[in-house]
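Down below is the structure, laid out as structure tokens.
Every value quoted in this text rests on a predicted model; they were computed, and no experiment measured them.
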Amino acid sequence: SAVAPLENPLRRLFYFSRVPMIRSIDLPFVEMGSVYRDLWAGGGERRLLAKRILFGVAIALPLLFIFGLLFYHADAVFAEWIREIDIEFVDLWRVFRTLAFALLLASFCYGFLKRTYELGEKTGVPRQEDAVTVSVVLALLNLLFAVFVFIQFNYLFAGKAYIFENGVTFAAYARKGFFELVAVIALTSLIVMTVYRSFAAHGRQMAVNLLQLILIAQVGVIGASAIKRLNLYQDAYGFTVIRLYSEWFMYFFLVVMLWVAVAMVARVSFRRLFHVTLAAGVVVLTVVVSINTDYLIARRNVERHIVEEKELDLEYLSQLSSDVVPALAPIFLEVRASKLE
């Protein structure tokens with residue numbers, strides 16, 4: 001959205017700070033008027049009439065809500081009548097929220113599409129970091145990571161036996177591993193990307209690259225251990241939305257770290273590294289939101305209940321969407337069969 005529509009005949013590099021939306025904070029909201037006008041552009045009298053009617057409804061809705069709320073608190077009979085209607089305010093809010101977000105997103109795109117925006121020459125370069133200083137920092141970090149992995153090796157790759165022997169709950173075991181990984185992701189990614197960007201622009205250093213590769217490898221070990229402990233948690237207590245998303249996020253993180261390591265060896269520019277990572281993130285996000293997560297969670301939990309005879313948390317499944325119903329069919333058949341017996 002930011003790059004594709006830009007006038008760039010000279011193939012200049014992209015300045016994020018010069019995007020109109022960034023330079024003028026009120027621009028997206030101003031462009032809402034353009035979006036609204038284009039929605040009703042063209043057409044005959046019927047289209048114009050529909051526009052006038054919808055515009056009136058849009059103005060009346062907040063007024064209806066305000067006056068209705070006042071009447072609701074002013075008269076008990078009116079309030080009881082409103083309660084009997086049983087309006088699903090949550091669903092109404094979802095509709096309003098979706099429409100408002102769509103309009104805002106369209107206005108952002110209008111801001112990016114402005115013909116008056118042209119890219120300027122980009123002359124800035126990343127700051128050149130001192131190779132000796134960076135090597136010392138990376139070496140000390142690698143030493144700390146190595147000591148942690150060595151001392152905690154049984155803890156990192158422990159199975160159920162370690163958990164039972166040390167009185168650690170599955171919840172504490174999994175959550176501790178996940179938050180460790182989040183902290184490591186934030187700090188390590190920032191360090192690696194900063195160092196990579198500087199040395200890719202000013203000349204690569206063999207020692208710095210080697211130290212970064214070792215650091216990435218050790219972070220990968222911690223990431224793999226976190227995935228294992230989360231799998232143990234799911235095996236004990238079943239699948240939930242947050243647990244499944246956490247697992248997918250960690251897989252994506254490990255793939256990104258592997259890509260960074262390959263980019264270092266292949267001497268890929270930081271710009272290409274960043275663009276490929278960003279594109280991969282968009283693809284993964286698109287795939288994840290396209291998956292029927294509720295159905296997948298219900299199906300896995302039902303299989304776990306039937307095959308392994310483990311407890312099924314029907315209370316949690318009832319909080320998900322109606323997509324879980326087809327996955328619960330084996331349970332219904334099982335109950336029916338037991339009643340026939």
Side-chain angles (χ1 to χ4, degrees), residues 3 13-17 122-158 176-230 245-285 288:
V3 181
L13 297 179
F14 176 62
Y15 258 124
F16 186 77
S17 60
K122 187 169 185 178
T123 57
V125 294
R127 174 183 171 181
Q128 184 174 4
E129 304 293 344
D130 183 72
V132 175
T133 302
V134 171
S135 297
V136 171
V137 172
L138 293 176
L140 292 176
L141 285 176
N142 274 307
L143 179 62
L144 174 63
F145 275 57
V147 171
F148 175 79
V149 172
F150 177 76
I151 294 178
Q152 300 292 327
F153 192 83
N154 288 332
Y155 166 68
L156 289 173
F157 292 100
K176 184 175 178 59
F178 176 70
F179 287 116
E180 284 175 351
L181 179 62
V182 170
V184 169
I185 287 175
L187 295 176
T188 307
S189 299
L190 180 62
I191 294 170
V192 170
M193 288 299 183
T194 302
V195 174
Y196 193 108
R197 182 170 181 262
S198 176
F199 284 89
H202 298 285
R204 303 175 188 271
Q205 298 287 333
M206 182 69 70
V208 173
N209 280 358
L210 180 60
L211 289 170
Q212 286 189 96
L213 290 173
I214 296 174
L215 184 63
I216 290 173
Q218 295 193 91
V219 171
V221 172
I222 298 176
S225 73
I227 291 175
K228 181 173 182 179
R229 70 187 66 182
L230 185 57
Y245 282 161
S246 299
E247 182 181 3
W248 291 343
F249 168 75
M250 286 187 281
Y251 283 129
F252 174 70
F253 162 70
L254 292 179
V255 171
V256 169
M257 287 291 100
L258 179 61
W259 157 236
V260 173
V262 172
M264 285 183 185
V265 176
R267 296 181 175 272
V268 176
S269 67
F270 177 80
R271 185 177 182 83
R272 176 162 296 183
L273 169 71
F274 179 78
H275 285 172
V276 172
T277 303
L278 183 62
V282 172
V283 171
V284 170
L285 179 62
V288 168

Apply side chain to side chain contact (heavy atoms under 4.5 Å, CB included) to the pair Phe253 and Thr188, showing each step before the final yes or no. CA-CA 11 Å; Phe253 162 70; Thr188 307; over 6 Å; no
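- Here the straight-line distance linking atom CG of Leu138 with atom CD1 of Ile214 works out to 9.5 Å at 0.5 Å rounding.
- Residues Leu211 and Leu141 have side chains not in contact (no heavy-atom distance under 4.5 Å, counting atoms from C-beta outward).
- Side chain of Tyr196 to main chain of Val260: no donor-acceptor pair is present (N/O by atom type, distance under 3.5 Å, no hydrogens or angles).
- Going from atom CE of Met257 over to atom OG1 of Thr277 covers 8.0 Å, rounded to the nearest 0.5 Å.
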Output, in order, the C-alpha distance, side-chain angles, deciding distance and verdict of side chain to side chain contact (heavy atoms under 4.5 Å, CB included) for Leu254 and Ile227. CA-CA 10 Å; Leu254 292 179; Ile227 291 175; 3.5 Å; yes
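- Enclosure of atom CZ in Phe270 by more than 12 non-hydrogen atoms of other residues, nucleotides or ligands within 6.0 angstrom is indicated.
- For the pair Ser135 and Val208, the tightest heavy-atom approach, listed with the atom from each and the gap, is OG-CG2, 3.6 Å.
- Residue Gln212 comes nearest to Val192 through the heavy atom pair OE1-O, 3.2 Å, listed as atom of the first residue, atom of the second, then distance.
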Checking Phe252 against Val288 for the side chain to side chain contact (heavy atoms under 4.5 Å, CB included) test, could you report, in this order, the C-alpha distance in whole Å, the side-chain angles of both residues, the deciding distance, and whether it holds? CA-CA 11 Å; Phe252 174 70; Val288 168; over 6 Å; no
Please report the C-alpha distance between Ile216 and Met264 in whole Å, then the side-chain angles of each, then the deciding distance to 0.1 Å, and finally whether the side chain to side chain contact (heavy atoms under 4.5 Å, CB included) criterion is met. CA-CA 11 Å; Ile216 290 173; Met264 285 183 185; 4.0 Å; yes
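- In terms of modelled atom types and a separation under 3.5 Å, the side chain of Gln218 and the main chain of Asn142 share a donor-acceptor contact.
- One distance of note links CE of Met193 with CD1 of Ile191; it measures 12.5 Å at 0.5 Å rounding.
- Note on ring orientation: taking the six-membered ring where Trp is involved, the planes of Tyr245 and Trp248 are tilted (angle from 30° to 60°).
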